[in-house]
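One-based numbering, in listed order, for ligands and for the atoms of each.
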Amino acid sequence: MDIRRIGWAALVTVIILIAVLPVPEFWITQLNYIGIGTLAVLGLILLTGVGGLTSFGQAAFVGIGAYTSAYLTINAGLSPWLTLLIGLALTTASALVLGWITLRMSGHYLPLATLGWGLSLYYLMGNMDALGKYDGMLNIPGLSLWGRDIGHGRVFFLLTSALVLLGILSLTFLLDSRAGRAIRALKSGSQMAESMGVNTIRFKIGIFLLAALFASLSGWLYAHYQRSVNPSPFGVQIGIEYMFMAVLGGVGHVWGALVGVTITKLLADQLQVLLPRLIGTSGSYESIVFGVLLVLILKYAPDGIWAFVDRKVPKRQRAADWEDAPALAERAKPATGELLLDVKAVRKEFGGLIAVNDISFQIMAGQIIGLIGPNGAGKSTTFNLVTGVLGLTRGAVTFRGETISGLSAREIARKGLGRTFQHVKMIPDMTVLENVALGAHMRGHKGVLSAMTRLDRAEEQTLLKEAQRQLERIGMGDYLHDMAGNLAMGPQRLLEIARALCSDPALLLLDEPAAGLRHKEKQALIEVLRQLQREGMSILLVEHDMDLVMDVCDRLVVMEFGTRLMEGTPREVQQSPEVRAAYLGTEH
Ligand code: ADP
Ligand code: MG
């Protein structure tokens with residue numbers, strides 16, 4: 001049996017045993033707080049660990065859930081079940097507004113903004129008369145269901161445990177899906193994901209919202225378990241503590257939430273007893289211990305405690321259950337010889353530097369066009385102008401008769417331009433198959449909710465089948481379940497080509513695919529390019545390596561210092577004295 005199943009079964013058994021055995025009430029209480037905390041940290045694992053968005057404002061969302069329910073049950077006499085929904089709705093509204101404003105910020109602005117958000121909410125809670133100021137609110141009703149009290153002790157433990165397990169399960173499902181791949185791609189910057197058709201800002205807001213909802217649920221449980229609220233558990237300091245727990249447990253691992261919260265809680269209890277004995281005075285010296293601990297973890301176990309467990313658990317070799325899935329629909333391809341890409345006098349200036357000086361060329365369907373030139377000639381810049389990564393200073397690009405200059409990289413990808421990157425951009429801790437399936441993002445549409453509830457499986461199978469097909473197409477069939485991060489450079493480049501093919505492109509753009517390849521790997525690449533050409537694929541190849549382009553291209557555009565030096569067949573280019581001078585002048 002799968003070790004994961006055994007783990008789940010063991011955990012459920014332990015939970016039931018704890019509930020029925022005479023475990024001291026003190027421990028049940030501890031476990032209940034651990035469960036409540038785990039829900040909030042689970043959100044952080046998704047947001048910060050997986051999505052790479054650092055937030056210290058998680059505790060504030062816990063506060064929104066807690067205060068909404070406290071206020072409405074006390075003052076309006078509403079049922080806690082109803083106020084749970086109202087709290088979630090209020091959380092949704094504030095997370096959307098806040099996310100909309102802050103998630104466009106880059107670098108350190110986001111954590112700073114969440115600190116600001118956490119502080120303002122803390123002072124708001126502490127200064128509003130209606131919320132009882134810093135004293136908070138007392139006499140919050142406990143939870144009951146059909147007249148039965150489920151608000152404390154073992155029943156509450158079962159409720160919290162069930163919610164934690166559901167949370168862990170749904171996030172595990174989410175990360176193993178189309179939406180999950182998009183979320184996992186966010187961390188390494190949005191450029192690659194956008195080029196795969198992922199609307200990165202939407203997914204960022206999505207995980208911000210989801211994390212906030214987990215926090216809000218945690219706050220609701222907290223308010224009705226504790227039966228009182230005050231601002232202190234929802235301040236920025238607790239927000240930082242949540243982050244500590246996530247980092248300790250393993251910020252990239254869903255199970256890390258449970259581990260991090262449990263250890264922190266138990267340790268805090270021990271320290272509260274131990275430290276006064278050691279130091280002689282009482283005070284909150286735990287913070288210092290936690291601070292030291294955090295530094296040690298970041299230094300010696302940056303992936304957290306769960307990473308050690310994760311390494312021991314054999315990676316699940318996903319059963320290929322997608323063999324019978326129907327093939328994905330393909331876009332209508334241009335007829336051979338049709339004008340596919342028309343680059344019309346494109347220009348790019350960086351300040352005073354003219355990186356691309358009115359370059360024009362065309363690609364007919366079925367052709368492989370090489371864009372060559374010495375280092376710094378402007379090849380990559382031209383490539384980025386066509387793919388929408390950079391904006392044009394002047395000129396126009398049309399693709400299949402439609403103007404694409406001015407569109408975003410994502411919109412251009414949707415039109416049917418598949419691309420690779422000069423510096424390979426993949427997700428190292430995802431399998432080759434999953435990485436390639438990210439390329440098929442635009443061909444599916446199941447979102448976060450269907451993924452969390454596993455209602456996405458039929459579509460998921462079609463996407464994985466396509467990924468496998470494209471990998472096999474270019475001879476990478478043996479690598480499906482390897483971690484992408486373990487690949488050598490040659491297979492990495494092929495992975496990127498398979499990922500681009502997965503988007504069903506009408507034109508493939510490759511930026512220096514031979515860079516860093518060994519001789520044998522280069523031969524394999526040439527084979528793949530020839531095969532794609534035979535299959536009728538149109539390719540724009542930006543390349544530095546002369547042998548490769550001479551070998552596979554139908555025509556070449558030679559650039560030097562941003563301008564077009566000449567255009568012609570490989571033979572004509574080889575015989576041109578200007579090209580020789582350009583290359584010999586800057587190289588060898
Ligand atoms: P190639 O890919 O042919 O080696 P690039 O297109 O990368 O050349 O660069 C062309 C010129 O534009 C170089 O002089 C380079 O320094 C400059 N350049 C490229 N990107 C930028 C940028 N973002 N800002 C300023 N200058 C740039
Ligand atoms: Mg370049």
With respect to T381, determine whether any N or O atom, backbone or side chain, lies less than 3.5 Å from an N or O atom of ligand 1. yes
Going by chain and residue number, what protein N/O/S atoms come nearer than 2.8 Å to the Mg ion (ligand 2)? S380 OG, Q422 OE1
May I ask you to check if ligand 1 and S380 share an N or O to N or O distance below 3.5 Å? yes
Below 4.0 Å, non-hydrogen atoms only: which portion of L353 touches ligand 1? Side chain, backbone, both or neither. side chain
With nothing but distance in play, are any N or O atoms of A355 less than 3.5 Å from an N or O of ligand 1? no
Take atom 16 (O) of ligand 1 and look for protein heavy atoms under 4.0 Å from it; say yes if you find one, no if not. no
Verdict with supporting geometry, E411 and S408, side-chain hydrogen bond (donor to acceptor under 3.5 Å, both in side chains): CA-CA 5 Å; E411 289 162 325; S408 70; 3.2 Å; yes
What do you reckon, does G378 put a non-hydrogen atom under 4.0 Å from ligand 1? yes
Got a salt bridge between D511 and K379, using NZ or NE/NH1/NH2 to carboxylate O under 4.0 Å? no
Polar atom proximity, A377 to ligand 1 (N or O, under 3.5 Å): yes
Tell me which protein heavy atom sits closest to atom 23 (N) of ligand 1, plus the residue, atom name and distance to 0.1 Å. F350 CE2, 3.5 Å
Under a 4.0 angstrom heavy-atom cut-off, which atoms of ligand 1 come close to N375? 4 (O)
Does E466 come within less than 4.0 Å of R469, counting only side-chain N to carboxylate O? yes
Taking only Lys NZ, Arg NE, NH1 and NH2, and the carboxylate oxygens of Asp or Glu, determine whether E543 and R493 approach each other closer than 4.0 Å. no
So, K204 side chain and N199 main chain: donor-acceptor pair closer than 3.5 Å or not? no
Criterion side chain to side chain contact (heavy atoms under 4.5 Å, CB included) against Q362, the qualifying member of L341, D342, V343, L340: D342
Non-hydrogen side-chain atoms of F61 and L98 separated by less than 4.5 Å: yes
Pair D545, K522 - check salt bridge (charged side-chain N to carboxylate O under 4.0 Å, His left out), show working. CA-CA 10 Å; D545 187 288; K522 207 180 284 178; 2.6 Å; yes
Closest heavy-atom contact between L174 and A451? CD1-CB, 3.9 Å
Can you check whether E512 has an N/O within less than 3.5 Å of an N/O in ligand 1? no
re atom 4 (O) of ligand 1, the protein heavy-atom contact at minimum distance is G376 N, 2.7 Å
Backbone of G401 reached by a side-chain donor or acceptor of T398 within 3.5 Å: no
Would you mind checking if E535 and K333 are paired as a salt bridge, meaning a charged N to carboxylate O distance below 4.0 Å? no
